[in-house]
Each structure stands twice: as C-alpha cells, then as structure tokens.
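The structure appears right after this line, and notes come after that.
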Amino acid sequence: LLNDIPIKLYQRETAERDLEIKRLNIKITEQEIKINDITKERDDLYDTLEAIEMERDTAISEWTAFVEATIILETGHRNSYLYNEFNNAGGIKCTSVSDVCTSSGYKVYSSKYEGERAVETLLEWYVGQFGYDMYAIRSVYCPLSDNGCIGDYERFMEIYNSLLYEEEVW
C-alpha cells in the first residue's frame with residue numbers, strides 16, 4: 001500500500017498536468033480563433049478601403065472627364081477664338097456689371113486656368129441642380145433652341161466616353 005502512494009501521487013500529478021495542458025490548449029485555440037477573427041476583420045477593412053478608393057478614383061475620373069469634355073466641346077478642342085483670346089473655356093456669358101466682357105457679352109478671364117476653373121464651378125452648380133443627369137445639364141448649358149446646339153448632347157457624350165475610357169478624342 002505504501003508503495004502505491006508514489007504511483008498514485010504521480011498519476012494524480014500527471015492527470016493534473018494533463019488537465020492543465022488541455023486548459024492551455026483550449027486557451028491557445030481561443031486565442032487563435034480571436035486572431036483569425038481579427039485577421040478576417042482586418043482583411044475585410046482592407047477590402048472595404050480598396051473599394052472606397054476605387055469608387056473615389058472612378059468619381060474623380062468621371063468628374064475630370066465631365067469637365068474636360070465640356071471644355072473640349074465648348075472650345076472646339078481648345079481652338080476657339082473665345083478661348084485663345086479671352087481664356088473663356090465654356091462660352092460663359094457676363095452676368096455682372098463688374099465682369100470684364102467681350103463686345104458680344106462673353107466673360108473675359110485673366111488666364112486659361114481661371115477660365116477652365118470657371119467652367120468647373122459652373123458645372124458644380126449644374127450638378128447641384130440636376131445631379132449627374134448629363135442630358136439635363138447639356139440641355140441647359142446649350143439649349144436646343146440655339147441652332148448650334150443640335151446634336152450637342154450626343155457630341156458631348158462621345159467626347160465624355162472617349163475620355164472616360166481613355167480612347168482617342170476626335
């Protein structure tokens with residue numbers, strides 16, 4: 001009987017160690033699950049961030065194509081007299097007595113940059129009014145009652161899509 005005591009103590013200690021090892025393995029497994037959850041959450045956040053960045057880049061390229069198509073159409077590929085002599089990139093007319101104007105009532109800008117930013121500002125206002133309804137915007141920008149505007153929307157969309165999809169603009 002006395003000889004059995006060390007064996008029973010050993011068995012008990014071994015059983016306790018085995019139980020502690022099982023507890024530690026469970027804790028390790030729980031920690032690994034947490035790490036996997038955190039890793040998945042991080043990966044999901046990266047995917048969301050990537051999608052947001054792609055959406056932002058698309059929005060930027062759509063806006064840039066929108067502004068650029070307007071300028072190209074309004075200036076005849078930046079060849080118009082109004083653009084080259086008066087920096088007016090959008091056929092923008094004078095609206096204030098303080099405006100510097102051409103004899104035909106078009107606004108004069110101090111630089112091509114200023115004239116192009118004026119187009120961008122005008123388009124921002126149109127988007128505020130009509131959203132991105134290109135037809136509505138072009139219909140106000142160049143009304144069909146103006147004979148020079150027949151086919152304007154179609155020409156605009158052709159240029160816009162060419163820029164958007166990086167094709168050669170005619």
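Values below: every heavy atom of this structure, side chains too, minus hydrogens, waters and symmetry copies. Not measured: the values here are computed from a predicted model.
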What are the two closest heavy atoms between [X] and [Y], and how far apart are they?
| X | Y | value |
| --- | --- | --- |
| I92 | V119 | CD1-N, 3.9 Å |
| A65 | L164 | CB-N, 4.1 Å |
| A69 | F156 | CB-CE1, 3.5 Å |
| C149 | P143 | CB-O, 3.2 Å |

Any side-chain heavy atom of [X] within less than 4.5 Å of one from [Y]?
| X | Y | result |
| --- | --- | --- |
| V100 | F86 | no |
| V67 | T70 | no |
| R138 | L73 | yes |
| E50 | Y46 | no |

Tell me whether [X] shares a hydrophobic cluster with [Y], the cluster being built from Ile, Leu, Val, Met, Phe, Trp, Tyr side chains joined at under 4.5 Å.
| X | Y | result |
| --- | --- | --- |
| M157 | V140 | yes |
| Y106 | Y83 | no |
| Y165 | Y132 | yes |

Report all side-chain donor-acceptor pairs from residues 9-19 shorter than 3.5 Å, counting only partners two or more places apart or in another chain.
from : atom 1 : to  : atom 2 : distance (Å)
R12  : NE     : E16 : OE2    : 3.4
T14  : OG1    : Y10 : O      : 2.7

Could you state the interatomic distance from [atom1] ([X]) to [atom2] ([Y]), rounded to the nearest 0.5 Å?
| X | Y | atom1 | atom2 | answer |
| --- | --- | --- | --- | --- |
| Y109 | E116 | OH | CD | 11.5 Å |
| M134 | I137 | CE | CD1 | 6.0 Å |
| L45 | K40 | CG | NZ | 10.0 Å |
| I159 | I71 | CD1 | CD1 | 11.5 Å |
| E120 | T64 | CD | OG1 | 7.5 Å |
| D47 | I52 | CG | CD1 | 11.0 Å |

Quiz prompt | Greater than 12 external heavy atoms within 6.0 Å of E20's CD | solution =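 Atom CD in E20 is crowded, with more than 12 foreign heavy atoms closer than 6.0 Å.
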Exercise. Given side-chain contact (heavy atoms from CB on, under 4.5 Å), test R78 with I72 step by step and report yes or no.
Key: CA-CA 6 Å; R78 292 185 168 79; I72 288 171; 4.0 Å; yes
Quiz item: Under the side-chain contact (heavy atoms from CB on, under 4.5 Å) criterion, do D37 and E41 qualify, and how do the steps go?
Solution: CA-CA 6 Å; D37 289 347; E41 186 177 335; over 6 Å; no
Quiz item: Can you name the side chain to side chain contact (heavy atoms under 4.5 Å, CB included) partners of Y135, sequence neighbours left out?
Solution: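 For Y135 the side chain to side chain contact (heavy atoms under 4.5 Å, CB included) partners, ignoring immediate neighbours, are D133, S139, L144, Y153.
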Quiz item: Should R155 and E158 count as an ion pair when the cut-off is N to O under 4.0 Å?
Solution: no
Quiz item: Charged N to carboxylate O below 4.0 Å: is that the case for R23 and E30?
Solution: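 Looking at R23 and E30, the cut-off is not met.
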Practice problem: Go through the steps for E74 and Y141 under the test side-chain contact (heavy atoms from CB on, under 4.5 Å), then give the verdict. | Solution: CA-CA 10 Å; E74 294 297 322; Y141 203 109; 3.3 Å; yes
Quiz item: Does the side-chain contact (heavy atoms from CB on, under 4.5 Å) test come out yes or no for N87 and V108, once each step is laid out?
Solution: CA-CA 6 Å; N87 303 314; V108 175; 5.9 Å; no
